[in-house]
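Shown next, in structure tokens, is the structure this report addresses.
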Amino acid sequence: MDPQAEEDFRSYVVARSPALLRTAYLLTGHRADAEDLLQTTLAKAYLAWDRIREREAVDGYVRRVLVNTHTSFWRRRKVDERPTDVLPERAGRDDTADSDLHDALWTALAGLPKRQRAAVVLRYYEDLSEAATAEVLGVSVGTVKSTTSRALSRLRASALLASGPDDPRTALPFDGVPA
Amino acid sequence: MSPLDDELRSALHERAHDVHAPGDPLDGIRRKARSLRRRRSAGAVAASALAVAAVAVVVPSLTTTGGEERVGPQVATAPATDFPLPTLSPGPDRSSSAAPSPSTAVSSYALDPADPWPYRGDPDVAVAGDLDAYEVQWATVHGVSIDDVELVPLFGQVYEPSATPQLVYLVRQASGDHWWGVAEATESGPELLIDAPLPAVPVALVVALRGDEVGRLLVVTSPAVGTVEYAADTASEAAPMRRLADGVLIAPLEGDPTTDSVRVLAPGGSELLRVRAPDPVSRAD
């Protein structure tokens with residue numbers, strides 16, 4: 001890699017690592033795994049840096065590698081991973097009034113299949129459109145819709161269990177499609 | 001937007017809010033990149049070492065017995081005849097009248113990129129997410145857009161001693177070029193153990209994979225072929241390989257690797273292919 005490209009890559013890493021690590025954390029649910037996933041992803045980007053013709057496309061490329069690396073090859077490492085009632089490690093303290101519901105959602109998120117979890121993170125955290133999510137996951141828009149819908153049904157059921165059916169936040173109609 | 005939409009967004013942002021990147025990650029990234037590059041280089045070297053075999057695997061058999069006509073393009077003679085072949089027992093029916101014409105017989109069993117052989121093996125090795133990752137890796141290694149690449153799985157298995165998923169694949173490119181290879185799932189992502197252009201008449205894909213104790217010879221061919229035999233050396237009689245699925249066979253690599261051979265027969269017994277077994281390759285750890 002020539003010095004200019006090296007500098008470009010360094011700038012990209014400095015600028016984007018924090019956000020990418022947060023996404024990796026939401027995908028993995030574990031800080032150490034997130035750092036490992038991000039490092040592998042950026043190493044792949046480093047090797048491909050000279051071949052990524054459009055710098056504007058870097059984010060999309062990196063996001064795709066991040067998600068696909070996680071949804072496929074982390075499966076083997078996490079073969080013993082199971083949904084649990086015990087909350088995984090917390091990224092930070094939660095002193096909001098919505099803590100219980102958020103905890104329930106986070107726990108339910110950990111129990112989703114990886115593709116569903118990725119769809120939720122891309123749609124609700126990254127705020128990607130259905131088309132952009134489909135591009136990252138390498139599936140059709142229809143598949144994104146159905147995957148997201150199934151994920152949200154499970155999350156909603158878990159949230160209802162946690163908050164009770166009378167909670168207006170979860171008792172209201174939920175169409176499974178983010179605005 | 002429903003209330004739960006807001007709650008979900010809020011929960012995700014709240015969880016992610018306090019996650020901060022460690023100091024300077026560049027050193028770690030470079031180290032990881034060097035590790036990945038070494039593994040890819042090992043795969044590339046292995047693919048180069050297999051160049052003869054890669055050509056050989058796609059070449060129809062040119063060596064026949066009993067004075068039969070040699071078949072296939074002349075350019076294919078070198079890989080099939082540059083090593084001493086063991087004595088192979090004749091198939092059950094070698095009469096030319098009982099078999100289709102040689103050219104028809106060979107081409108009808110060859111891998112057609114436009115209509116590839118069906119996927120065989122462990123379905124869990126070829127799930128969508130994994131195929132996506134293999135495809136991304138292939139596109140990355142080749143420096144092409146992922147949009148111009150389609151990876152088609154041909155056979156998948158989990159190598160039990162190390163629980164490593166391995167996939168034999170075909171890659172179709174928008175440019176019209178086709179490749180084949182063997183990829184392995186590792187904890188750091190997919191690795192291409194073998195990656196080579198697909199020659200013109202690929203009758204069978206012959207792969208030698210290093211095992212914990214002995215190498216394993218894997219042959220992926222059309223599900224319609226008859227017997228596939230392996231002879232360890234010139235002193236050994238060829239024996240049918242163990243069937244994993246229709247057209248997918250395996251055998252331990254034994255004997256003298258410079259004179260072992262693989263022979264693919266049509267259901268009628270006519271010889272479609274005879275090649276030297278390649279040397280085992282493995283990912284460099």
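Just so it is clear, the structure is predicted and the values come from calculations on it, not from any experiment.
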Per-residue contact mode, A:E126 against chain B (heavy atom under 4.5 angstrom)
neither
What part of A:Y125 gets closer than 4.5 Å to chain B, counting heavy atoms only: side chain, backbone, both or neither?
both
What pairs with B:W138 under side-chain hydrogen bond (donor to acceptor under 3.5 Å, both in side chains), at least two apart in sequence or on another chain?
B:H142, B:D195
Part of A:L26 within contact of chain B (heavy atom distance under 4.5 Å):
side chain
A:L38 versus chain B, the contacting section by heavy-atom distance below 4.5 Å
neither
CZ on A:R63 to CG on A:L20, rounded to 0.5 Å:
7.5 Å
By ring-ring contact (aromatic ring centres under 6.0 Å, His included), which residues pair with A:Y12, not counting sequence neighbours?
A:W49
Report yes if the distance between the aromatic ring centroids of B:F155 and B:W180 is under 6.0 Å, otherwise no.
no
If one checks every heavy atom of A:V120 against chain B at 4.5 Å, the contacting part turns out to be both
Are side-chain N/O atoms of B:T140 and A:Y61 paired as donor and acceptor at under 3.5 Å?
yes
